[in-house]
Structures are given as C-alpha cells and as structure tokens.
Amino acid sequence: MLAPDIGSTNADAEASTDSLRTARSREKAPLLSKQRFFSGLQNIFGMSGPSSQTANVASDGYIEFGAMSPDPSRTLGTFAGVFCPVALSMFSALLFLRVGFIVGNAGLLMTVVQFLIAYKILVFTVASICAISTNGAVEGGGAYFMISRTLGPEFGGSIGTLFFFANVVSSALYITGCTEGIVQNFGPSGYLVGEGGGLLPNGVWWRFLYSTMLNILNLGVCLIGAGMFAKTSALILASVCICILSTVVSFFVKDPMEVSIPDINTLVQNATHHVNGSFTGLYMGTLRSNTWPAYGRDYTTPDGDLTQFASVFGVLFSGVTGIMAGANMSGELKEPARSIPRGTLSAVAFTFVVYVSLAVLTAASCDRFLLQNNYLFMLPINVWPPFVVIGILTATFSASLSNLIGSSRVLEALAKDNVFGPMLKFISRGVWGGNPIVAVFLSWFLVEVILLIGNLNLIAQINSVLFLLSYLATNMACLGLELASAPNFRPSFKWFSWHTALIGLLGTLVMMFVINPIYASSSILLCLLLFMMLHLFSPSRDAHWGSISQALIFHQVRKYLLMLDSRKDHVKFWRPQMLLLVNNPRAACPLIHFINDLKKGGLYVLGHVKVGDFTTLDADPTLDEYNHWLSIVDHLKVKAFIELTVAPSVREGLQHLIRLSGMGAMKPNTIVLGFYDEQEPVDFFERTQSRYKTREFDNVSVSSSASGKLFELRTREHSPRFIDQQQYVGMINDVLKLKKNLCICRHFHRLDKMAVTKTGQFKHIDVWPINLFTPDDDDAFDTSSLFMLQLACILNMVPGWKHLTLRVYLLECASQRRSNEHRLRQLLQQLRITASIYQVDGWTEKLQFLQRYGGSVLPSPIDNFSAKQESQDYIKSVNEMIKQQSQQSAALFLYLPPPPAVAPGHADYSVLQTQYLQLLTKLTNDLPPTVFVYGVSAVTSTTL
C-alpha cells in the first residue's frame, strides 16, 4: 500500500503536486537573476514570496514511495549524477598529494592492507546504502534521508547533523589540499616557477587567503546551481583520468633522477643545506626497501609530529570518504534507486584499482626518503609536470565543491523536516528555484571557519571520524531493517545481508578509535547529546516516519512472548496483570492512575465495551476511538494497553475482554471493576482543580459523539445505563467463574494523589482481612486476604505511597486472641511485609450480635437474614467502625464476600443479587477510596 503523496522531506503539507514540482525545478536557470532578487529576499525574511510554499514543513509523515509520475526536475543519470561525483570525491587530495606520504611511512604491504581495510568498510557500507536506497524512493538529503527514515527523527537528526558537519569538514579538507598544490607549484621555489622564483607568496595567512578565494569560487558555482557542477563533472573526471594516465606512464618511461625536497620541509634542510630524494625508476631493490613500515615525521605539521598507523590510516581514509556523494544528489537523480547502487559500486571499484596501482608503482620507483619528505613527488617525475598540477586542482576543487553542495542539501533536509524547529526555519524559506541558497551560505561560512585549522592531515582525521560515524549509522540502519524482518523491506539490491551490515558497523566503529580515540569519543558523545536533545525538544520527534525501533521491538517482543511459557509460571515471580474495565475515562482518571501504581511492572490493560449489535453496524465504532484512547494513556502518563470491543451487553463484552486481552502467557490475572452506585460522574478533564485537566478531547470528530466532545459523561435524564444491578453482580460471578482475581473499587473520585503525596493529611493504608458478611478466624490467612496484603504491600512500595504506614486490622471471632495475633505477625514476617497489627474495640459486640442471627448477612434463599432490619443495623455499625478507624487513611482494602450462590433461574435470583449489592454499598458508604478484593489463586511465597 502506497503512502499518500504528502509530507515529504522535499514537499510541503499544503502544496499541491503541481506547485511542488514547480518549486523543485532544480538548477534550471542561474540563481542570481534581477527579476527574482528582491522576491527572494522577501522569501528569506519570512515575507510572501514565490518560494514561500517551502517554508512549512509537513508533520504528518513523508512520501514513502514518492509521486508515481516522473519528475522533470530530476535530470541526472547514473554516470553524471553518481559515478563522477563519487569518483572525484574519492580521488580528491589523496590521489596526487598523499600517496607518497602513505607508502613512505606505512610501506607497500601495510598500504595495501590499509586500502583493503578501508575499502572493506566502504564496500559493506555501500551495500547497506544500496539496500536502503533500492527499498523505496530516496529524496533530497541522501544519507540523512535514509538514516532518519529508518532509525527515526531523533537518531536520524543527530547523525544527519554530524553528517552535515562531515561534509563541511571534507570540503575544507579538499580546499586545503588544493591550496597546498597551488603553493607548492606557484609559491616560492615552486616546481613550475623554478628555484628562487615564485608567483605567489607563502605563509599561514597567505594560504588562508588562497583557501578563502577557492571557497568563494565554490560558493559562486553553488549559487549558479548544482546542475552546472553535475553537467561538468564528467569533463572534470576525464581530465583527472588523463592526469592519472600521464602519471602511470611516467613511472615506466622516465629515467632515474634526483628530486629536490621542498623548502617548506625544514626537518631535513634549511637555507644552506639542500637535499634530494631519488627516483630510481621501476627497480626491485626499491620495491623491497619500501615493503615494510618505517614511520617518520610529517613535515607539514608545525612540530614535525611522528606518524603512526592511526594517523596514516586517517589520512588514507579521508581520501576515500566520497561514497555518499552520489546519495547526496538523490534529489536530482532521475532514478536514484537504480543509479545510486550502480554508480557508487562502479566508482568504488574504479578508484580501488587506481589507488593500489599507484601505490605499487610508487613503492617500486621512489626511495623512502623522497616519499617521506616530498609529498608532491609525482610532479617532477611526470612526463609533463602541468598534468599533475591540473589533476591536483581539478580533483581537489571538484571534491570540495561536491561536499559543499552535499552539506547544503543535508542542511536543507534537516530544516524541511523541522528537526531543530524554528532555529532552522529561515533555511527552508531561503530557497530559489529549488536551490537552498541560505543553506549554501551557512555551509560556506562553516567551511571558512574550518579552513582556519590550515593543516591538511589534522583536518583529515576529523573528517574521517565524522564520516565513519555516518557510515556506522547507515550500517546500523540496514542491520536493523534486516534483523526486524519486516515484509516491506525487500530491496532490489540483493548483494547484502545482516553479516555485511554487521561487519561494516564493527569495522567503522573500530577504525574510528584507531584513527583518533579523542575525536571518536567526542563525536559519539555529541551524537548522543544531540539524540537526547532532539528526543526531548525536537518538533519532529512525533513525525510518522516509521522508526526501525518499533519493528525491532515487535520482533523481540514476539520472540520473547513465544518463550514465555504459562506452564512454567511460579508463585515466587507472580505479579499483578490488571484489566481495568473503564466506562468513561473522563470520570475514571484517579482510578486509572491508582491501578497503574498497583501493577508493579505487570501487564495493565484498559478495557472498554461499546454496547451494540455488531451485525447491524456499518463499521466498527472502536476504530474511530482507539487512537483517542491511546492519547488518554499518554495524557495520564500510565503504562497501559488498550482493548476495545463491541458486544450486545457490558457483561458479554467483559467476557470478551477477559478471554482475549493480552497475548500468550501475558494475560490478565486480576480484573478491576468500578462500583455500581448512584454517584454522579465527575469530569476530571474539566474540573478546575484537577491535575488531569485538558481540552484535548473537546473538539474531536467521532461517530459516537454528536457534540464533538469525546467520552461525554452520562446524565440520569438523557443517558441511561447499559447495565443494571443484576447484570453487575453477574459480572462479578463471571470473573470468579473464569478463575481471575477480582478488585472492585469505590470512591476513587475522592482520591487526590497530590494530597496523599505532599500534604501530610493521610498517614495510613488500611487492610481489613476478614469477610465482614460471614466472619471467621481463618479469613485473615486465606487466599483473598493474602492477595489483599500483597496488593497493599505493592502500593506501599510505590513512590508517593511509601511514606504511608501499612495497618492490618485483626478482627477475631474466637477466644484465641493472642494465638491469632502471633500467627498473623509471623505470617507478615515470612512474607517480608512491614505492617502494624491493630485490634478494634467494639468488634466483639458486633460479632455477638451477628452470631445471634446465624453468623452471616450474605443473602441466601434459605434464610434471607440480609433482608431483615437487624442485618442492616449490623452493616451500618461495621461501616461506622471502619469510618472511625480510617479518618487518616488514603486507601482501604476490604475482603469481598462472594455473591450468593444462586442459579440464574431461581425465583429469588434478582432479589438476592440486588440485596448483595445493597449490602456492599452500605458497608462502604462515606469511606475513603476503597478496594474490595477477592483472590482465587496463590500470589505470595515464603520460600526462596
């Protein structure tokens, strides 16, 4: 099923398809035209303008498979759009400026090993890129788009931000390399101007000036349009290939010669002492001498830092980090799903062959002294030295331009996705003809800041670590998709598996720390910090992009649910699994919160029954309301699932919920019902002093609400109940028949959690472990009382309740008072429950009064004492006794007597059910929040 054509990274929620295509006419005309200059300024500063449709950001999701019709603004194919940018980015400064540095220090054997490591990481990462990019339409933003749409906005936003900085640093790296090539050729004693000559002065600030001029040139090309660069990239690559070919030919045709060491290398020479290195031509002895590592000093650093494996690999890897250059142009590709895999893989293979070939030829023809002290040795040994100069300038300049374009596109995507909210809103406004000029200017400025570092090898390490982090995230995204086994993840690129993604992930992680542990740790910490900030504050955190975390959670939960075997349940590990039947959440907020405190990490389900005949309905009414119930859970901040059902009666619906709620061994073991009484419901969403007050559910369009207010409260006049007293007592019987523990809650509209927590008005949680309808000495030790003690103990362990004292009231029915008290105290000690035991004065008289009339007030068809006035007096006196003891109690737990054991067809069935409910009502009148408890199975253990 295809997602709707709205909410794309490159689309606006309010724009039509036609206007969207018009806005995305990429780089068709020069940007700086007179007719559009002032309208563009209006657009940037938030006034109305022709590009204002890009200002808003869709919040409903994104186009998963894009528009089905071809977009005329996508003009680039595989060769010009992917192969050329990737190959040029991977050649960059490394090809002509640092091959000698790598071979001279690491030796040929270690150089080949380093290339194999680097390309192994690249190939596996490319496999992940190809897998993701061929699983759906890739829009603008390239790697950021793929990561964010897979790992979610928080992780994607944090990685995307670092990927943006990686492109900025990479652009600065290549400009620095270009400047180095210019100075060494046209500076003092440059190769092309001769000894003692120099067209350009040299120095730190002069180099910064040259770099700035190149950066301004980059800016001009970006303002004209990325399309211009893409159209000329093939020509640039062709010129670079000619220069490479001239260099290869030179190794074979040039005679042995002495090559001078540049003046800037003050480690081995000065004004009075000039030294040379040797070009021997292809010679086996030279190859043997250059086989093994011999790390020297880097003459381009201020102090001549000693090189090592990590620093050399950092420089090497920085030169081959361009595999994302094609993905960054995804917004301009006609067929990104086809072009990205083919173009990237072919470029990787091509550059690998070139690099290894040059490394072998270099090791076989130049002595180590030359390689370590003249990084531009290829120029003087070339058949025509300007070839190398052209190669350096074109390769480095095109690579820097490619990264500047890529960084601006990533920044534009971050702004359009509203990842940083209003902070980047001006970027999405500053778009002309589909070209994000404000993003270009900001990227250009950051490149200018990085250029102040000046040292190519130092920038290279920072660049490598940042790119490795983005590669790590890409491999992680692909690994997650593969492990989640989602049926919609079926990329057309088949040459990948979770093994390749895992190897790529581990390889990138290890090499980050090998290159520079400080930079690696800092980048990971920065990524985590960004993740937390975006998770807490980003407006895009609620974007419906489909996070891989949900698929992985589903996969793992399903696996562990299958492993969870109900036959292996043991009472030692029992926990309450609660199903709370809710009629209206507006009136049940305190109760929903209270049961959330009772669940102790167990299953918690909010169940609701919609009464009706499903066969007569046009559609399932629960579908409209389900998401609103989830919003209720979010608003109340409880950890609960939602189960809704349609049934002819509430009683039948409760049976549905009990049988079907949960999954596998995670099924409710305790059913919680509200009390059936005449209490007028309280709207906690509108109550002035309510902590649950909200207007979120007041203007909602659902079929069940005529007024627009969701979950309207019933009134006695206009909304009759769907349940009567007999049906309610029948529901109690059904729960017990289904072998579930039962809790019935009353007066929870009076519960004020803030008052319990902070005021000091409440000091106790009270437990009355005795069946007050039919008292017996063994009541305090039966299943229901133990269940009651367990619940009270759990509540007393919860923050907000733990400051209260747990009190257990022992109401004895025989003369062994000390014996029962000792027995109960010993039981509490064995159960590790901290509680005080209390006796109640006056209970003996009430018990004797009851025993004179048979010892029970439970309604019975044989001798229905409950209908007599004496039973009413007894219940009223017990109610007064409890009320007197609970003046400072936050909650009470009472023993629930089972309903009368009368068959539904009995003549007195309805009368007995009604009398039973009336007795429960009178017993709990005017009490604090009260929970009737009935247990059907053991829930406590005294053994290890």
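What you see below is based on every heavy atom in this structure, not just the backbone, and it leaves out hydrogens, waters and symmetry mates. Just so it is clear, the structure is predicted and the values come from calculations on it, not from any experiment.
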For a quick test of your reading: what N or O donor-acceptor pairs under 3.5 Å do the side chains of residues 123-131 make, sequence neighbours left out?
residue	atom	partner	partner atom	Å
T125	OG1	I121	O	2.7
T125	OG1	N475	ND2	3.0
S128	OG	F124	O	3.3
S128	OG	N475	OD1	2.8

Just to verify, which of S408, S407, S470 counts as forming a side chain to side chain contact (heavy atoms under 4.5 Å, CB included) with F164?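 So the option named by the test is S407.
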Under the criterion side chain to side chain contact (heavy atoms under 4.5 Å, CB included), which of D255, T247, V259 is the partner of I381?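 Result for side chain to side chain contact (heavy atoms under 4.5 Å, CB included) with I381: V259.
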Tell me, do [X] and [Y] make a side-chain contact under 4.5 Å, heavy atoms counted?
X: F369; Y: S278; result: no
X: P293; Y: N105; result: no
X: R409; Y: I405; result: yes
X: T362; Y: F251; result: yes
X: E154; Y: M532; result: no
X: C84; Y: I236; result: no
X: L505; Y: Y471; result: no
X: M476; Y: L479; result: no

Using distance only, find each side-chain donor-acceptor pair of residues 110-119 under 3.5 Å and give its atom names and separation, not counting sequence neighbours.
residue	atom	partner	partner atom	Å
T111	OG1	G107	O	2.6
Y119	OH	T351	OG1	2.8
Y119	OH	F352	N	3.4

What are the two closest heavy atoms between [X] and [Y], and how far apart are they?
X: Y299; Y: Q372; result: CD2-O, 3.6 Å
X: L466; Y: S523; result: CD2-CB, 4.3 Å
X: N374; Y: P262; result: CG-CD, 3.7 Å
X: G181; Y: I392; result: CA-CG2, 4.0 Å
X: L108; Y: A363; result: CB-CB, 3.8 Å
X: S365; Y: L361; result: OG-O, 2.7 Å

[X] (side chain) donor-acceptor with [Y] (main chain) under 3.5 angstrom:
X: S402; Y: A399; answer: no
X: S311; Y: T307; answer: no
X: T176; Y: A172; answer: yes
X: S171; Y: S400; answer: yes
X: N265; Y: N373; answer: yes
X: T286; Y: L282; answer: no
X: N516; Y: M512; answer: no
X: S497; Y: H499; answer: yes
X: S464; Y: G314; answer: yes
X: S133; Y: I340; answer: no

Residues, nucleotides or ligands: over 12 heavy atoms within 6.0 Å of [X] [atom1]:
X: I518; atom1: CD1; result: no
X: M257; atom1: CE; result: yes
X: Y283; atom1: OH; result: no

Please enumerate all residues that pass side chain to side chain contact (heavy atoms under 4.5 Å, CB included) together with L506, with sequence neighbours excluded.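 With sequence neighbours excluded, L506 shows a side chain to side chain contact (heavy atoms under 4.5 Å, CB included) to L502, given in chain and number order.
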Could you verify whether a donor N or O on one side chain and an acceptor N or O on the other, from S211 and T179, lie under 3.5 Å apart?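 Yes, side-chain donor-acceptor contact under 3.5 Å.
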Atom pair [atom1]/[atom2] of [X] and [Y] - distance to nearest 0.5 Å:
X: L451; Y: L209; atom1: CG; atom2: CG; answer: 11.5 Å
X: S158; Y: L530; atom1: OG; atom2: CG; answer: 6.0 Å
X: L376; Y: I261; atom1: CG; atom2: CD1; answer: 11.5 Å
X: L371; Y: C366; atom1: CG; atom2: SG; answer: 5.0 Å
X: I515; Y: M511; atom1: CD1; atom2: CE; answer: 5.5 Å
X: F467; Y: I323; atom1: CZ; atom2: CD1; answer: 9.0 Å

Side chain to side chain contact (heavy atoms under 4.5 Å, CB included) between K254 and V249: does it pass, once the steps are laid out? CA-CA 8 Å; K254 290 288 285 187; V249 171; over 6 Å; no
Parallel, tilted or perpendicular: rings of W205 and F208 (30°, 60°):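 The rings of F208 and W205 stand perpendicular, inter-plane angle above 60°.
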Does the pair W444 and F441 meet the rule for a ring pair (Phe, Tyr, Trp, His ring centres under 6.0 Å), with working shown? CA-CA 5 Å; W444 172 85; F441 271 107; 7.0 Å; no
Run the side chain to side chain contact (heavy atoms under 4.5 Å, CB included) check on N218 and F397 step by step: do they pass? CA-CA 8 Å; N218 275 350; F397 180 75; 2.9 Å; yes
Among F313, F377, Y375, ring-ring contact (aromatic ring centres under 6.0 Å, His included) partner for F101: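 Filter result, single survivor: Y375.
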May I have the step-by-step check of side chain to side chain contact (heavy atoms under 4.5 Å, CB included) for V389 and F186, ending in yes or no? CA-CA 10 Å; V389 178; F186 301 100; 4.0 Å; yes
Indicate, with yes or no, if the rings of F350 and F91 have centres closer together than 6.0 Å.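 That pair passes the under 6.0 Å test.
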Applying side chain to side chain donor-acceptor pair (under 3.5 Å) to S170 and N403, what does each step give before you reach the verdict? CA-CA 6 Å; S170 188; N403 279 275; 3.3 Å; yes
Is there a side chain to side chain contact (heavy atoms under 4.5 Å, CB included) between L267 and D298? Walk through the geometry before answering. CA-CA 9 Å; L267 295 179; D298 179 7; over 6 Å; no
